[in-house]
Number of protein chains: 2
Amino acid sequence: MSRTRNPRAPLAHPATAEIDLFHVLHALADPTRMTVVRTLAAEPGGERPCGTFPVDVAPSTLSHHFKVLRESGLIRQREEVNRRITTLRTADLEERFPGLLATVLTAYGRSVAE
Amino acid sequence: MSRTRNPRAPLAHPATAEIDLFHVLHALADPTRMTVVRTLAAEPGGERPCGTFPVDVAPSTLSHHFKVLRESGLIRQREEVNRRITTLRTADLEERFPGLLATVLTAYGRSVAE
DNA sequence: AACCATGTTCGACGAACATCGAAATAGATA
DNA sequence: TATCTATTTCGATGTTCGTCGAACATGGTT
């Protein structure tokens with residue numbers, strides 16, 4: 001018995017009804033994670049692999065942020081060939097907290113525009 | 001020279017244009033602070049002294065939360081006789097991030113109602 | 001002058017967080 | 001099979017956070 005790792009955990013996502021507002025707000029209160037969310041929201045129906053986000057952190061750090069986003073219910077990730085594809089849970093968020101995501105993204109757009 | 005304290009600092013508030021979205025989201029991502037905001041929002045034009053909020057933390061802890069809320073731009077505090085009166089910066093928030101506060105408060109109402 | 005009420009600052013604590021580098025996993029390719 | 005690519009997990013580090021109790025500041029009351 002040498003290794004007791006848990007590689008490739010089964011990617012748990014909260015159900016729509018279980019999405020917690022405080023977790024969502026906390027997840028959005030970070031520039032790197034906001035960039036991820038905003039990038040996904042920019043292209044409707046957008047999916048993209050982890051490596052393609054315009055963020056400036058180490059891969060392991062980004063992986064951590066994906067976990068936070070996933071567990072908060074903001075994004076969904078599915079396994080694919082050699083990639084992990086990320087999508088925004090737009091509809092689920094809209095069902096759980098109507099208007100929240102759009103309003104926050106608009107607010108972010110404002111603050112970027114000075 | 002014995003004491004180098006700074007009692008009763010002059011209560012700095014960010015200008016409306018300087019309100020930072022990440023600070024706001026972070027401030028709202030805490031149950032105690034959310035309770036403060038929600039309590040103020042519940043009564044239109046509501047003002048109330050610090051001691052009258054339905055929260056369950058030590059006075060010093062609450063004071064800390066007020067500081068976070070004040071510095072994020074969510075609340076305004078003014079000195080009065082022996083009290084410090086707190087108000088929600090509803091109009092300023094609306095100007096800076098339209099719809100954000102209302103949407104978040106509605107979302108919170110939802111999550112409380114299960 | 002003592003006391004009380006209100007709310008703050010200070011200093012400490014453990015928990016959570018953002019970050020990284022190294023090692024590991026899994027599949028595709030050479 | 002060895003290697004490359006994509007991404008995660010692990011372990012460590014330094015920082016921020018939420019919390020508290022103790023002490024302090026201010027002003028009204030006794």
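In what follows, chains carry the letters A, B, and so on, assigned in the order in which the sequence lines appear, proteins first and then strands, with residues in each chain numbered from 1. Here the structure is a predicted model, which is why all the values come from computation and not from measurement.
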Engineer: Using only side-chain N and O atoms of A:R83, determine if any of them is under 4.0 Å from OP1 or OP2 of C:dG27.
Structural biologist: no
Engineer: So does A:H26 get a side-chain nitrogen or oxygen closer than 4.0 Å to the phosphate oxygens (OP1/OP2) of D:dC17?
Structural biologist: no
Engineer: Is A:R48 positioned over the aromatic face of A:F53, cation under 6.0 angstrom from the ring centre and no more than 45 degrees off axis?
Structural biologist: yes
Engineer: In whole Å, I'd like the distance from the CD1 atom of A:I75 to the C1' atom of D:dT7.
Structural biologist: 13 Å
Engineer: Would you kindly check whether a donor in the side chain of A:S60 faces an acceptor in the base of C:dG21, or vice versa, at under 3.5 angstrom?
Structural biologist: yes
Engineer: Between D:dT16 atom P and B:D30 atom CG, what is the distance in whole Å?
Structural biologist: 18 Å
Engineer: With the side chain of B:N82 defined as its heavy atoms from C-beta on, choose the nearest nucleotide among D:dT19, C:dA5, D:dT8.
Structural biologist: C:dA5
Engineer: Rounded to whole angstrom units, what separation is found between the CZ atom of A:F66 and the P atom of D:dA6?
Structural biologist: 14 Å
Engineer: Return no unless some side-chain N or O of A:R84 is found under 4.0 Å from OP1 or OP2 of D:dT8.
Structural biologist: yes
Engineer: Side chain of A:T61: nearest nucleotide among C:dT9, C:dT19, D:dT9?
Structural biologist: C:dT19
Engineer: Contact class for B:V68 (heavy atom, under 4.0 Å): base, sugar-phosphate, or nothing?
Structural biologist: nothing
Engineer: Return yes if a side-chain donor-acceptor contact under 3.5 Å exists between A:E47 and A:T87, otherwise no.
Structural biologist: no
Engineer: Just to be sure I understand the rule, does B:H64 reach a base, reach only the sugar-phosphate, or reach nothing, if contact means heavy atoms closer than 4.0 Å?
Structural biologist: base
Engineer: Side chain of A:S63 only, please: which of C:dC17, C:dT19, D:dT8 is the nearest?
Structural biologist: D:dT8
Engineer: Whole Å only: how far is the NE2 atom of A:H65 from the C1' atom of C:dC20?
Structural biologist: 11 Å
Engineer: When you get a sec, tell me which of C:dG21, D:dT19, C:dT6 is the closest nucleotide to the side chain of A:A58?
Structural biologist: C:dG21
Engineer: Using whole Å, what does the distance between atom P of nucleotide C:dT25 and atom CD of A:E80 come to?
Structural biologist: 23 Å
Engineer: Return the value, rounded to whole Å, for the distance between atom CZ of A:R70 and atom C1' of D:dT8.
Structural biologist: 10 Å
Engineer: How close or far is atom P of C:dA18 from atom CZ of B:F22, stated in whole angstroms?
Structural biologist: 12 Å
Engineer: Nearest to the side chain of B:P59 - D:dA6, C:dA5, C:dT8?
Structural biologist: C:dT8
Engineer: Can you tell me how far P of D:dG18 sits from CG of B:D56, to the nearest Å?
Structural biologist: 17 Å
Engineer: If you measure only the distance, is there a donor-acceptor pair under 3.5 Å linking the side chains of A:E95 and A:T16?
Structural biologist: no
Engineer: Honestly, is A:R110 close enough over B:F97, meaning NZ or CZ under 6.0 Å from the six-membered ring centre and within 45° of the axis?
Structural biologist: no
Engineer: Hey, are the side chains of B:V24 and B:V104 touching, using non-hydrogen atoms and a 4.5 Å cut-off?
Structural biologist: no
